[in-house]
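Here the structure is laid out as structure tokens; the discussion comes afterwards.
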Amino acid sequence: MPTEAAPSRPGMRSTTSSRARNRGRGWRPPLVYVTECRMDGAEALLSDTDLAIAQIAEYVGYADAFGFRAAFKRHRGLSPSVFRAAAA
């Protein structure tokens with residue numbers, strides 16, 4: 001069966017329409033979901049502990065503090081140290 005014919009069969013949907021439908025229900029790509037979970041955990045640790053940024057980076061799954069700082073700033077708009085100071 002040709003690939004183009006598959007979505008036109010009854011009960012079948014194309015990948016594009018399936019993704020669009022799922023996005024309306026709050027679906028996120030797995031990497032986005034994992035990053036959000038990491039950032040949520042990092043926020044809690046920054047607010048509630050005195051752990052060093054490097055320790056928090058390792059705890060939430062980053063290989064180094066530099067990558068963690070860049071990701072945190074990209075996703076939250078603040079550096080981890082500024083976030084910590086504002087949360088205090």
Would you mind listing every ring-ring contact (aromatic ring centres under 6.0 Å, His included) that reaches into residues 65-88, with sequence neighbours excluded?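 Checked against ring-ring contact (aromatic ring centres under 6.0 Å, His included) - neighbours excluded - the pairs reaching residues 65-88 are Tyr62-Phe68, Phe68-Phe72, Phe72-Phe83.
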Contacts table for residues 31-42: side-chain donor-acceptor under 3.5 angstrom, sequence neighbours left out:
unit_1, atom_1, unit_2, atom_2, d
Thr35, OG1, Leu31, O, 2.9
Glu36, OE1, Arg28, NE, 2.9
Glu36, OE1, Arg28, NH2, 3.4
Arg38, NE, Val60, O, 3.2
Arg38, NH2, Gly61, O, 3.2
Asp40, OD1, Arg76, NH2, 2.7

Which pairs count as salt bridge (Lys or Arg N to Asp or Glu O under 4.0 Å) when at least one residue sits in residues 59-71, sequence neighbours excluded?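 Every candidate salt bridge (Lys or Arg N to Asp or Glu O under 4.0 Å) pair involving residues 59-71 fails, so no pair, neighbours aside, qualifies.
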Please, which pairs that meet side chain to side chain donor-acceptor pair (under 3.5 Å) have at least one residue in residues 78-88, sequence neighbours excluded?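 Qualifying pairs, neighbours excluded: Ser79-Ser81.
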Solution key, residues 46-59 side-chain donor-acceptor pairs under 3.5 Å, sequence neighbours excluded:
unit_1, atom_1, unit_2, atom_2, d
Ser47, OG, Glu43, O, 3.0
Thr49, OG1, Leu45, O, 2.5
Thr49, OG1, Leu51, N, 3.4
Gln55, OE1, Ala52, N, 2.9

